[in-house]
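Here's the structure we're looking at; comments come further down.
None of the values given here were measured: they were computed from a predicted structure. We name chains A, B, ... by the order of the sequence lines, and we start the count at 1 in each one.
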Amino acid sequence: MSEEATSRKLTELAKRRGYFFQSSSVYGGVGGFYTFGPQGASLKGHLEDAWRERFSVQEGNMEIDAPTIMPEPVFESSGHLDTFDDMLVDCPECGESHRADHVVEDATDHEDAEGLPIPEVEAIIAEYELVCPSCGAGLAGQAVDDFNLMFATNIGPGDAQPGYMRPETAQGIFVEFPRLKAYARNTLPFGVTQIGRAYRNEISPRRSIIRTREFTQAELEQFVDPAGEGPDCSSVADVPVRLYPIAEQQEDDGEIVETTIGAALEDGVIADPWIAYYLGVAREWYETVGVDMDRFRFRQHLPGERSHYASDCWDAESEIDGHWIEIAGFAHRGDYDLSKHAEGSGERFTVFRQYDEPQIVERATVDPDMSYLGPEFGGDAGAVVGALEDLAATDRSAFDGEVVEIDLEGETHAIPVEHTGFSVDEETIAGEHVTPHVIEPSFGVDRLLYTVLHHAYREDEVDGEARTYLALEPEVAPTFVGVFPLQGDAALEAQARDIVAGLRAAGLAVTYDDSGNIGRRYRRQDEVGTPFCVTVDYESLEDEAVTVRERDSTAQARIPIADLAETLTALRAGERSFAELE
RNA sequence: GCGCGGUUGGUCUAGUGGUAGGACAUAAGCUUCCCAAGCUUAUAGCCCGGGUUCAAUUCCCGGACCGCGCACCA
C-alpha cells in the first residue's frame, strides 16, 4: 500500500465517516476551509484537552483566550504588516511568479526592495530592464501585485479603524503581557498558553487539512529571564529524540542523529535549555496521543529559513505521504515581540528583577533653587536645570568650587554652587527592569489530527475478510465504546440501553447500534477508531455479564456488567491491559 | 498566481448530443446471529455560468473546487 493510496483512502474515510470535509461545498466550496464533522470535532477536542492538560495544567502555566481580530497597530509592531506582505510579478512568457523585491535585489544595488512602494519597484524593473529569473524574458511593464497574507477587515462602520484576523495566536498573548505578568506576580519565568484559530490568506492551500486558510494553533509563550537559569531538564534528560540539526542538513549525506535530550544539550546540539526541555516534553506527549515515533523527528531551521523574530528554531515533523510535514515549531523569539510592542504602545513590557543583594550606589543630584535661577535666567531657567542635571551625572567635580560653570548655547554661565542644591547621596537599587525572552512552542492542531489519523490507519484481515480500522489511542478516540444487542430483541435492547446509560453516567463516550448483524457493527466502529465494543447476548440476561471486544486484536473477554464501567475506565487510563482480562 | 490533469447519488465509479447504470453505504421489512451473510423495498446524482444546437451531463469558453508540479509558506 503506497503512502499516496493511504492519503486517498483516509480523505475518503474522513468525508464518509465525518472526520473532516470541504466547507461550504453546496455553494461550490471555498479553498482552504474545512469543517470537522462529528468524529473530527471530537478527536480535535480530545487532542486540545490533552495538550491543555500537559502544557498548561501540568506545567503550571496560565491559559488565556484572546480575540481573533486585532487592530492594525498590533501588526505594525509585530512586523506582520511589513514582512507578511509580498510583491509578486508574473512573467509574460513562461508564466512563472516571482517575488518582485527579490528580482530587484538580486539584479540591482537595492538591498531593501521589500520596503519600497510598488510603483517604485515597477519603475526600477523598467529602468534596469530586469528579466525573468526562469526564462530571461523582459519583465518591464508587468504589473507588480501586492499580496498580504493577513485577512483584512474594518472594525466598526467605515474604514477608520482597520483590523486583521490574527495570523498567529501569539500576538494575543504578547499584547496582554503587562497584565499577564501581574497575574504571574511579576516573577519570571512564567508561561501563557492559548488554543485558538489563526488565519492566513494562503496563495495556494494544498494537501487536505495540511495547509488551510483557517487553522487551530495551540501555543505556549514561555517568558524567561535572559540572565536566568534554565528549567530543570532532569525529567526529560533521558528522553530519546531523533534530531536533524543544521550541521547535518548542510552535509550531502547528512543524517538524523539519534540521541537524548540530555546528551544533545550537553553536546550543544540544542543550545537553549528551555527549547531542549519542551522538545523532550513534546516528544513524550506526541507519543501518548498516537504519533508514530518511527515517523517523527525534530529538524532545526536553517539560518535563512527562520522567521524575522527567531534566533533559533526547531520543528517537530511527522512523516506523511513520504513527506515530512511541520506539526510544531519551537522558536527562540528573544525579546523581539515584547520590545516591539513596548516601542509601539509606549507601555512597559518588562519585569522587575530584584537583586539578591540590593546595590548601594552614590548618586550625585541637583535640586536647584528656582527662586534664584528664575529671576536670573528667565525663560532659559529650564535649560539651565537640565545642564546642571547632566553635569552632576557626568562630572561631579565641577561642583567642588564656589561656583559651577555651565555651557548654554555657546555661552558660559557661572552659578553659585549653593543655589544648585548639589548633593551626593547613597541610593539603594533593589533590582532592574528586564525585558523577558520568549521561548515559543507552537503546535498545529489540524496537522496533528491529520498525523494521528494517518499513523493510526490500518488494514488487515479478520477471518478472511478485509478490515479497515483506526488504531487511535483510547484517550483521544471520538467514541470510546460501542454497545450492541446481539440481535433485534426487546429484552436484549433494553439491557443494552441500560448499559449505555450507565457508561455515559460514568463519563464515557458511548454509541449504541442495533442495525445490521454484529460483524457489520464491529466494522463500523473499527473504521472510526472506537477502541472497545460491548455486546449483550442472551446469556447476559442470565449471568449479568457481557462480551467486551478489543478493536486492534478483535479479542473478546467476558466482563460482569457490574464491573463494566470501572474496567473500561481503567482500560482508557491505561491502568489495565485488555490481555489480562481475557 | 502559472502549468498539467480532474469534477456523475453519502462514498467510489461506468457511460452518453435525446437528462443516466453499477458497487458500497444508509433506511424499512423478513431471515440469520459474536466479526462487512442472504432476499425484498426505499431514499439519493451529472460542480456553476455563458455559448453552439431543435436538444448539452456530454462539445466550446469562462469560473469555482480537488490533485500534482512551480512559486509562496513571515
**OP:** Measure from the side chain of A:H80, starting at C-beta and using heavy atoms only, and say which of B:A74, B:U11, B:U26 lies closest.
**Re:** B:A74
Original post:
Phosphate oxygens OP1/OP2 of B:U26: is one of them under 4.0 Å from a side-chain N or O of A:R524?
Top reply: yes
Original post:
Would you say B:C66 has OP1 or OP2 under 4.0 Å from some side-chain N or O of A:Q22?
Top reply: yes
Subject >> Any donor-acceptor N/O pair under 3.5 Å between B:C34 base and A:R549 side chain >> reply: no
Original post:
Is the distance from OP1 or OP2 of B:C33 to the nearest side-chain N or O of A:N517 less than 4.0 Å?
Top reply: no
Original post:
Which part of the nucleic acid does A:S515 contact within heavy-atom distance under 4.0 Å: base, sugar-phosphate only, or nothing?
Top reply: sugar-phosphate
Subject >> Residue pair A:L581 / A:T567, side-chain heavy-atom distance below 4.5 Å >> reply: yes
Subject >> side chain to side chain donor-acceptor pair (under 3.5 Å) between A:R558 and A:T547, worked out >> reply: CA-CA 5 Å; A:R558 197 76 179 164; A:T547 301; 3.0 Å; yes
**OP:** Starting at the 5' end of nucleotides 41-51 of chain B, put B wherever the base has a protein heavy atom under 4.0 Å, S where only the sugar-phosphate does, and a dash everywhere else.
**Re:** -----------
**OP:** Please work out if A:R200 contacts a base, only the sugar-phosphate, or nothing of the nucleic acid, heavy-atom cut-off 4.0 Å.
**Re:** base
**OP:** Take the protein atom CG of A:N148 and the nucleotide atom P of B:G1, then report the distance between them rounded to whole Å.
**Re:** 16 Å
Original post:
Is A:R523 touching bases, backbone alone, or none of the nucleic acid, heavy atoms closer than 4.0 Å?
Top reply: base
Original post:
Between A:K15 and B:C12, is there a side-chain N or O to OP1/OP2 distance below 4.0 Å?
Top reply: yes
Original post:
Which part of the nucleic acid does A:E12 contact within heavy-atom distance under 4.0 Å: base, sugar-phosphate only, or nothing?
Top reply: sugar-phosphate
Subject >> Closest nucleotide among B:G10, B:C70, B:C73 to the A:R206 side chain >> reply: B:C70
Original post:
OP1 or OP2 of B:A37 sitting under 4.0 Å from any side-chain N/O of A:R521?
Top reply: no
**OP:** Give A:Q556 one of three labels, base, sugar-phosphate or nothing, depending on what nucleic acid heavy atoms sit under 4.0 Å from its own.
**Re:** base
**OP:** With heavy atoms under 4.0 Å as the rule, sort A:D526 into base, sugar-phosphate or nothing.
**Re:** nothing
**OP:** Answer yes or no: side-chain N or O of A:E202 and base N or O of B:C73 forming a donor-acceptor pair under 3.5 Å.
**Re:** no
Original post:
Less than 4.5 Å apart, any side-chain heavy atom of A:L564 and any of A:V546?
Top reply: yes
Original post:
Which is true for A:S208 with a 4.0 Å heavy-atom rule: it touches a base, it touches only sugar-phosphate, or it touches nothing?
Top reply: sugar-phosphate
**OP:** Identify whether any heavy atom of A:G329 sits under 4.0 Å from a base atom; if not, whether one sits that close to sugar-phosphate; answer base, sugar-phosphate or nothing.
**Re:** nothing
Subject >> N/O (side chain, A:R17) to phosphate O (OP1/OP2, B:U11) under 4.0 Å >> reply: no
**OP:** Just compare B:A74, B:C70, B:G67 and give me whichever is closest to any side-chain atom of A:Y34.
**Re:** B:G67
